[in-house]
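Heads up: the structure comes next, in structure tokens.
Note that this is a predicted model, so its numbers are computed, not measured. Every chain is numbered from 1 and lettered A, B, ... according to where its sequence line falls, protein lines coming before strand lines.
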Protein chains: 2
Amino acid sequence: MDSKKQKKLEARGWVVGDASEFLQLTDEEARYIELKRALSESLKTERLKQQVTQVELAKMLGSSQSRVAKMEAGDAAVTVDLLLKALLTLGVTKKQLAKIIA
Amino acid sequence: MDSKKQKKLEARGWVVGDASEFLQLTDEEARYIELKRALSESLKTERLKQQVTQVELAKMLGSSQSRVAKMEAGDAAVTVDLLLKALLTLGVTKKQLAKIIA
DNA sequence: TGACAATATGTCCGTTTGGACATATGATCT
DNA sequence: AGATCATATGTCCAAACGGACATATTGTCA
């Protein structure tokens, strides 16, 4: 689990930049992170495209601005579930989702 | 919505009052559930295709047989994150994922 | 039938997550 | 400069999640 490894490293004083570079990630871990990155990036893009603020999106989600910011930052403590729910709330279609992921 | 389907969902932890309440699911909630269903179904299909048992897949994931069973059952207490990690562990590609989702 | 493997179901409990809040930074005005 | 809006960052704690285990069910053999 990457966040655990990362936290271990950080606890030892390492400043972790690019995950796949410093951590010994399995291929499937790296692909999972990349997937998340693609989703969070698309979230920000889609939100801006619709001219919605983070506060507004947070309200739509029943969440808070700070969490939306973390979603878009690709924060490790944000799940794919939350990203997907946010994208769906913005009206992203299955087809668009597929394009984001592929 | 027939009551059979509803009871199945209830048994799996989905909070469903009655048929009308179920129909009150927002579009984005319904689409999220459908997405999860597609992933769990694909997980089972892919595992069987590779002739892997739930116990074996659990070992690959560092998880347990019971959780794998819940993943494939589309249990409400299973996240998309876990489903994705399992699919990636089975070697499913981005393209295949996109196809599953779309 | 009994025995065995595979899968399903239920519960427990430590860990992770997410909403909330405070606060900081940044950007754009007059 | 100060004011205002948008976004980022950090922390807290209740709720949700996940691994583990027990147990039940199902399927398939001899």
Side-chain angles (χ1 to χ4, degrees), chain A residues 1-8 10-11 15-17 19 28-29 32-33 36-37 39-90, chain B residues 7-15 28-29 32-33 35-37 39-90:
Chain A
M1 207 67 21
D2 73 281
S3 62
K4 276 181 192 165
K5 281 183 188 172
Q6 188 170 329
K7 277 175 186 167
K8 264 192 186 172
E10 285 173 348
V15 177
V16 178
E28 135 261 342
E29 284 173 326
Y32 171 73
I33 291 177
K36 245 171 99 165
R37 206 213 89 267
L39 290 173
S40 60
E41 183 181 298
S42 297
L43 176 60
K44 181 159 196 171
T45 302
E46 188 61 27
R47 179 180 63 79
L48 293 176
K49 191 168 152 195
Q50 299 189 18
Q51 312 203 64
V52 176
T53 68
Q54 290 185 346
V55 171
E56 288 169 337
L57 177 55
K59 205 152 271 177
M60 294 165 74
L61 292 169
S63 181
S64 58
Q65 177 269 327
S66 58
R67 189 135 299 267
V68 172
K70 278 160 194 164
M71 291 185 213
E72 293 181 354
D75 193 303
V78 169
T79 61
V80 168
D81 291 68
L82 199 57
L83 290 169
L84 282 177
K85 284 176 186 171
L87 283 165
L88 292 176
T89 296
L90 284 177
Chain B
K7 275 173 186 167
K8 261 191 185 171
L9 288 173
E10 283 174 341
R12 288 169 185 173
W14 299 104
V15 180
E28 132 260 345
E29 284 173 327
Y32 172 72
I33 292 177
L35 203 105
K36 247 172 99 165
R37 196 206 50 72
L39 290 173
S40 60
E41 183 180 298
S42 296
L43 176 60
K44 181 159 198 171
T45 302
E46 188 61 29
R47 178 180 63 79
L48 292 176
K49 191 168 151 195
Q50 299 188 19
Q51 310 203 66
V52 175
T53 67
Q54 290 185 346
V55 171
E56 288 169 339
L57 177 55
K59 206 150 269 177
M60 293 167 74
L61 291 170
S63 181
S64 58
Q65 178 269 326
S66 58
R67 188 136 299 266
V68 172
K70 278 160 194 164
M71 290 186 214
E72 293 182 354
D75 193 303
V78 169
T79 62
V80 168
D81 292 67
L82 200 56
L83 289 168
L84 283 177
K85 284 175 184 171
L87 283 165
L88 292 175
T89 296
L90 283 177

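Candidate nucleotides C:dG18, C:dT7, C:dA20 were compared by shortest atom distance to the side chain of A:Val78, and C:dG18 ranks first. Here D:dA8 is the nucleotide among C:dG19, D:dA8, C:dT7 with the atom lying nearest to any side-chain atom of A:Gln54. Nearest nucleotide to the side chain of A:Ser66, out of D:dC21, C:dA22, C:dA8: C:dA22. Among C:dT7, D:dG19, D:dA8, the nucleotide with an atom closest to any side-chain atom of B:Leu82 is D:dG19.
In terms of phosphate contacts, A:Thr79 brings a side-chain nitrogen or oxygen within less than 4.0 Å of OP1 or OP2 of C:dG18. Taking 4.0 angstrom as the limit, A:Arg67 places none of its side-chain polar atoms (N or O) nearer than this to OP1 or OP2 of C:dC21. The side chain of B:Ser63 places no N or O atom within less than 4.0 Å of a non-bridging phosphate oxygen (OP1 or OP2) of D:dG18.
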* Asked: Could you go step by step and tell me if B:Leu57 and B:Met71 meet the side-chain contact (heavy atoms from CB on, under 4.5 Å) rule?
  -> CA-CA 11 Å; B:Leu57 177 55; B:Met71 290 186 214; 6.0 Å; no

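The shortest side-chain heavy-atom distance between A:Arg67 and A:Val78 falls under the 4.5 Å cut-off.
Looking at heavy-atom distances under 4.0 Å, A:Ala77 makes contact with sugar-phosphate atoms alone, never a base. Using a 4.0 Å heavy-atom criterion, one finds that B:Val68 contacts no nucleic acid atom at all.
Summarising the geometry, the separation between NZ on A:Lys44 and C1' on D:dA6 is reported as 10 Å, rounded to the nearest angstrom. Taking atom CG of B:Asp81 as the reference point, atom P of C:dT17 lies 8 Å away to the nearest angstrom. Spacing between atom CE of A:Met60 and atom P of C:dG19 amounts to 14 Å, rounded to whole angstrom units.
Taking the nucleotide of DNA chain D with the nearest heavy atom to each of B:Lys70 and A:Lys70, the more 5' of the two is matched to A:Lys70.
Checked by atom type and distance alone, the side chain of B:Gln50 pairs as donor or acceptor with a backbone atom of B:Leu90 at under 3.5 Å.
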